[in-house]
Asker: 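Please find one structure pasted underneath; my questions will follow.
Only a predicted model underlies this, so the values are computations on that prediction, with no experimental measurement involved. All ligand and atom numbering here is 1-based and tracks the order in the structure. Computed over heavy atoms, backbone and side chain alike; hydrogens, waters and symmetry mates excluded.
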Amino acid sequence: MRGSVKRALWAPVVLLVASTTLAACSSSSSTSASSSTSASSSTSASSSASSTGTSSAAAGLKTGLKVFVIPKNLGNPYFTTADSVQSGGALAALSELGESGTETSGTAATPASQIPAIQAAITKGANALIVSATDPSALCPTLQSAMAKGITVVTYDSDAPTCRDMFINQASTAEIGTSEVDVLAKQINSSGDIAIVSAAASATNQNAWLAYMKQGVKKYPNMHPASIVYGNDDPTTATQVTQGLLQHYPNLKGIISPTTVGILAAAQVLDTSKYRGKIALTGLGTPDSLKKFVADGTVQSFELWNPANLGYLAAYAAVNLASKKITNSAGQSFTAGKLGSFTVGADSTVLLGPPFVFTKANINQFNF
Ligand code: RAM
């Protein structure tokens, strides 16, 4: 009975997300113009050498296309890796192909912060948009208006299923959701109160993973879902909601945080003698940000894909579509430079591949 009562409580709640924090997030969007300008100026060189419509090294692909890469938010290291030239992400692929690549977004992972960047990209004459959706419903009218103008819309990382041409999925949604529960179960002997520190309540990817976690936990009758809290991909908020969990659930045994920002914040909160090794933490994180916590025992294992490869693949997909070299129909194939060949699957989705599982034994082999 206790289990079922707790299970019913594993519903989304916004715990200790101070309104002041949210206000701070949205007001910071006023700085997005300068952020996006600096991000875009770093990529403008790649475009100056080419003109729209000429064929590139990759046969049949147009060059000089204006492609805007629009992550959930700027300043999130996960997206910096996914998008940047330096890491070999989306802008590196666009440069290879002779396109004009620009990264732009707001600074908060909210539709209010992201939509103006999408609208500005449309106004600037975008040929393609590569978007990680903060909120599929809120973004849809803008993305649909882009598609109506003939602009290619590719989502990556977080989908907007009814208003894009193609989605580049980082890893199987089911596999991510269920494996995170399994990883945590192993660490806590399949027993005790557990909680989730998610990102934004509106994010497609987070909600898709959560749905599989809710299913997956049913396998473990002694694991009690206590709460889901939202850190909004903001370090301060993620820290506060994690601290709130610890206060409200003194018997908490484990946390899953399927967000790179959330898991880092949670690791920092748990990295004290009071909690280290007593409350298990897993989720999706970047190996570089969590090496310290794996070394000291705060985190045993967690997962992620290579974000740079995700961005790189999304860029190749967008250019292939915008060049009309492929359509978004299942069975269409294209080459994504150094990553090789990919085939479009059901729902116009392309899958990057299985995620990595990081542990003490392998984490130092990864640098992202
Ligand atoms: C965060 C974002 C992103 C997610 C990763 C794992 O940076 O929420 O959408 O895919 O974590």
Asker: Using atom types as modelled and distance alone, determine if a side-chain donor or acceptor of Ser190 lies under 3.5 Å from a backbone N or O of Tyr220.
Answerer: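 Here the side-chain-to-backbone pair does not exist.
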Asker: Show the atoms of ligand 1 that are less than 4.0 angstrom away from any heavy atom in Asn205.
Answerer: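 Here the atoms of ligand 1 in question are 3 (C), 4 (C), 9 (O), 10 (O).
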Asker: Check each atom of ligand 1 against the heavy atoms of Asp157 and keep those under 4.0 Å away; list them by number with element.
Answerer: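 It comes down to these atoms of ligand 1: 3 (C), 4 (C), 9 (O), 10 (O).
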Asker: Which heavy atom of the protein is the closest neighbour of atom 1 (C) of ligand 1, given with residue, atom name and distance?
Answerer: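 Minimum-distance protein heavy atom for atom 1 (C) of ligand 1 reads Thr260 OG1, 3.4 Å.
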Asker: Would you mind listing which atoms of ligand 1 come within a distance below 4.0 Å of any non-hydrogen atom of Gln206?
Answerer: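 Those atoms are 8 (O).
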Asker: Just to confirm my output: which protein heavy-atom neighbour is closest to atom 8 (O) of ligand 1, and how far is it?
Answerer: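 Sorting protein heavy atoms by distance from atom 8 (O) of ligand 1 puts Asp233 OD2, 2.7 Å first.
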Asker: Heavy atom under 4.0 Å from ligand 1: found in Tyr156's side chain, backbone, both, or neither?
Answerer: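 For Tyr156, no heavy atom sits under 4.0 Å from ligand 1.
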Asker: Please check: side-chain N/O of Glu99 versus main-chain N/O of Leu65, any donor-acceptor pairing under 3.5 Å?
Answerer: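 Such a contact is found between Glu99 side chain and Leu65 backbone.
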Asker: Are Leu351 and Phe334 grouped together when hydrophobic residues (ILVMFWY) are joined by side-chain heavy atoms under 4.5 angstrom apart?
Answerer: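 No, it is not one cluster - the side chains of Leu351 and Phe334 are not joined through contacts under 4.5 Å.
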Asker: Report the residue from Ile255, Thr298, Val269 that forms a side chain to side chain contact (heavy atoms under 4.5 Å, CB included) with Ile279.
Answerer: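 The residue from Ile255, Thr298, Val269 that satisfies side chain to side chain contact (heavy atoms under 4.5 Å, CB included) with Ile279 turns out to be Ile255.
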Asker: So if I count the atoms of ligand 1 from 1 in the order they appear, which ones are less than 4.0 Å from some heavy atom of Lys72?
Answerer: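 Under 4.0 Å from Lys72, ligand 1 has these atoms: 2 (C), 3 (C), 8 (O), 9 (O).
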Asker: So Trp305 and Tyr78, would you call those rings parallel, tilted or perpendicular, with 30° and 60° as cut-offs?
Answerer: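 The arrangement is perpendicular - the two ring planes meet at more than 60°.
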Asker: Take the angle between the ring planes of Phe368 and Phe366 and call it parallel below 30°, perpendicular above 60°, tilted in between.
Answerer: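 Taking Phe366 first and then Phe368, their aromatic rings stand perpendicular (interplane angle over 60°).
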Asker: Which of the numbered atoms in ligand 1 are under 4.0 angstrom from any heavy atom belonging to Trp209?
Answerer: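 What qualifies from ligand 1 is 10 (O).
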Asker: Any N or O on Asn76 sitting closer than 3.5 Å to an N or O of ligand 1?
Answerer: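 Yes, since at least one N or O of Asn76 sits under 3.5 Å from an N or O of ligand 1.
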Asker: Mind checking side-chain contact (heavy atoms from CB on, under 4.5 Å) for Ser202 and listing every partner two or more places apart, or none if nothing turns up?
Answerer: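 With sequence neighbours excluded, Ser202 shows a side-chain contact (heavy atoms from CB on, under 4.5 Å) to Asp135, Ala200, given in chain and number order.
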Asker: Examine Trp305 against ligand 1 and note whether any of their N/O atoms are separated by less than 3.5 Å.
Answerer: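 No, there is no polar N/O contact under 3.5 Å.
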